[in-house]
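Report on the structure given below.
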Number of protein chains: 2
Amino acid sequence: MAAQRGEGDGVVTSPEAPADVRERARAIPEAAVARLAVYLRVLSGMVEQGVTTISSEELAGAAGVNSAKLRKDLSYIGSYGTRGVGYDVEVLVSHIERILGLTRKHSVAVVGIGNLGHALANYGGFPSRGFPVAALFDIDPDLTGVPVGGIPVNHIDDITSVCSEREVSIGVIATPPQAAQAVCDRLVSAGVQCILNFAPVVLQVPDYVEVRKVDLAVEMQILSFHVARRADEAANDVVNGIGVDGVVIRP
Amino acid sequence: MAAQRGEGDGVVTSPEAPADVRERARAIPEAAVARLAVYLRVLSGMVEQGVTTISSEELAGAAGVNSAKLRKDLSYIGSYGTRGVGYDVEVLVSHIERILGLTRKHSVAVVGIGNLGHALANYGGFPSRGFPVAALFDIDPDLTGVPVGGIPVNHIDDITSVCSEREVSIGVIATPPQAAQAVCDRLVSAGVQCILNFAPVVLQVPDYVEVRKVDLAVEMQILSFHVARRADEAANDVVNGIGVDGVVIRP
DNA sequence: TCAACTTTGTGCAAGCGTTCACAAGCGGTA
DNA sequence: TACCGCTTGTGAACGCTTGCACAAAGTTGA
Ligand SMILES: NC(=O)c1ccc[n+]([C@@H]2O[C@H](COP(=O)([O-])OP(=O)(O)OC[C@H]3O[C@@H](n4cnc5c(N)ncnc54)[C@H](O)[C@@H]3O)[C@@H](O)[C@H]2O)c1
Ligand SMILES: NC(=O)c1ccc[n+]([C@@H]2O[C@H](COP(=O)([O-])OP(=O)(O)OC[C@H]3O[C@@H](n4cnc5c(N)ncnc54)[C@H](O)[C@@H]3O)[C@@H](O)[C@H]2O)c1
């Protein structure tokens, strides 16, 4: 059993494997993958605006990162830029999509059709980005059969058959925290290897399952920490003779 | 203008400041702060179960991290453990809460009361953790005055006055992406310095504003990347003489 | 009181990720 | 063709994070 985001991924590089896309894909740092997804979104917007070429500087600005970092990130997927000119937007889009595995559709199942589950099921942003919502599950019999966002809710007990039928590759957990681990176990036994978890619990999963969590309370608390730090710094500065406006009042 | 998560925070350490909590708070790495929030949640659960003492090993297991990392994280906030015994759960809870600034209430405003905004406004997990939802805003006049989760929705034009009246310290953006930057600007001019953004756009904010984003499409794409990587590895292993079950079929 | 045992707190080294800086390469121009 | 200016791609340095390993410090039991 490994916990959230398997750290010991033991990247065993086969000795004489060709230095192609496959090999390259393993080497991309997780942080870079997350940024590639952001670049992709920015680039998609560019395509719609009719932009055909973009420099690393421009794209970095739009994505809110350092241009060197952006170029390094792009270099992980290959050399598709033209020196002196920049990147062809469409070429870049297609290469990022390939690396992120977006050439294939990934069916999503949402478990727990409450407040959040409804919002997710109704959200148009998933299908439009290649993540069709293929199944919804809840334990509440009153919900079974009720269509949400165009898809009828199934009972949680049917999760195994429905998931394999509809080739679900990503499971989203939006149940109360108490039920999350059990739901997770059922998803895993149904063959789902990627899980997005909204419940505020640490899921225990086998090594081969990839879990990502969205924890709003944690996000809030990080923001709270920064508020507190800022307040403390201000207090500190005042006792050290620096006014809140940054002017040294007691030099 | 700095983009998302101000990198150049220019930590100017005042020379002879006392090595107390204030100084210590600055030194805590962001990654550790996020984990402290997780430890806090696990510990809160422990308190409810009547657990009074816990070892780093146990807590690390429950939080899904390495025990050495956990001890290092806790050491950032001070030495509150007892060697040979472990940590007093309640003591730890109160110290983490103090460091995260949770001794103070942080009022939250949600902007954009659509699918997601409704779910957030109705979510009980925020108030119960010290983040009361104090205001809701939307541009839709039909929504103005309608109570959601017990709080009447205000019109976006009243954002400045309402936010300062109710001392909002955290703004949550749940509007369509096109409106997000404008909403963000209004929150910032209303004095909100911490923003949680659900819209899939990169917000531009002044240096002193802290932005955290929750980007579900990016999370999905990271999972997609792992699916693709796994598939590629399998294909690679097969061509390299390793069957899908991990057995070397051509040694 | 003392020895055996347990668990914390942390110095240190290894590993990643980020940033800098610049050679290499390309298009445009004379 | 040769030169110039611009932008990419990347080696190398730097700094942050992680994980190991162990001394320090406490408890327990005799
Ligand atoms: N609502 C939010 O904005 C929000 C924000 C952050 C986190 N969360 C988290 O997301 C999760 C869901 O939140 P919510 O507000 O939608 O809760 P909710 O109570 O509105 O909905 C939960 C749904 O899960 C179903 N359910 C319960 N047990 C189940 C099981 N074993 N199998 C399948 N379905 C089951 C319930 O019938 C219900 O429909 C919670 O863990 C919550 O902490 C929600
Ligand atoms: N629904 C989801 O599950 C989900 C998931 C991921 C991301 N998101 C993102 O969250 C955001 C909201 O999603 P949603 O599904 O709730 O959308 P929605 O269309 O249901 O709701 C958007 C709300 O924002 C309001 N609004 C529009 N412009 C505004 C403005 N200038 N000021 C104030 N309010 C304004 C609208 O009146 C509407 O009520 C979007 O950016 C979406 O991409 C949503």
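Residue numbers begin at 1 in each chain, while the letters A, B, ... track the order of the sequences. Treat the numbers as computed from the prediction; the structure is a model and nothing was measured. Computation of the quantities below employed the complete heavy-atom set of this structure, encompassing side-chain atoms and omitting hydrogens, waters and symmetry-equivalent molecules.
The nearest whole Å value for the distance from the CD atom in B:Glu57 to the C1' atom in D:dG19 is 13 Å. B:Asp73 has its CG atom 13 Å from the C1' atom of C:dT10, to the nearest Å. Atom CG in B:Leu59 sits roughly 12 Å away from atom P in C:dG9 (whole-Å rounding). Rounding to whole angstrom units, CG of residue A:Asp88 and C1' of D:dT8 are separated by 15 Å. Atom P of nucleotide D:dC20 and atom CZ of B:Arg71 are separated by 11 Å, given to the nearest angstrom. Atom OH of B:Tyr80 is separated from atom P of C:dT10 by 12 Å (rounded to the nearest Å). Atom CZ of B:Arg35 and atom P of D:dT17 are 9 Å apart (whole Å). Across the protein-nucleic acid pair, A:Lys69 atom NZ and D:dG15 atom C1' stand 13 Å apart, rounded to whole Å.
Looking only at atom types and distance, the side chain of A:Arg71 has a donor-acceptor partner in the side chain of A:Ser56 under 3.5 Å away.
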A:Ile195/A:Ile170 under side chain to side chain contact (heavy atoms under 4.5 Å, CB included): CA gap, chis, key distance, verdict: CA-CA 6 Å; A:Ile195 290 175; A:Ile170 297 177; over 6 Å; no
Derivation of the salt bridge (charged side-chain N to carboxylate O under 4.0 Å, His left out) call for B:Lys213 and A:Glu219: CA-CA 9 Å; B:Lys213 66 172 201 289; A:Glu219 297 297 330; over 6 Å; no
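Of the candidate nucleotides C:dT8, C:dC20, C:dG17, C:dT8 has the atom nearest to the side chain of B:Ser56. Candidate nucleotides C:dT18, C:dG27, D:dC20 were compared by shortest atom distance to the side chain of A:Lys72, and C:dT18 ranks first. Between D:dT7, C:dT8, C:dT10, one nucleotide has an atom nearer to the side chain of B:Ser75 than all others, and that is C:dT10. Closest contact between the side chain of B:Tyr87 and the listed nucleotides C:dT18, D:dT7, C:dG9 involves C:dG9.
B:Ile96 has its side chain within reach of B:Leu43: a pair of non-hydrogen atoms, C-beta onward, lies under 4.5 Å apart.
Of the two residues near DNA chain D, A:Gly84 and A:Ala68, the one whose nearest nucleotide lies more 5' is A:Gly84. Each of B:Ala31 and A:Gly86 was assigned the nucleotide of DNA chain D with the nearest heavy atom; the assignment lying further toward the 5' end belongs to A:Gly86.
Interface remark: the A:Arg83 side chain does form a donor-acceptor pair with the D:dT8 base, using a distance-only criterion of under 3.5 Å.
Under the 4.0 Å criterion applied to side-chain N and carboxylate O atoms, A:Glu97 and A:Arg104 are not assigned as salt-bridge partners.
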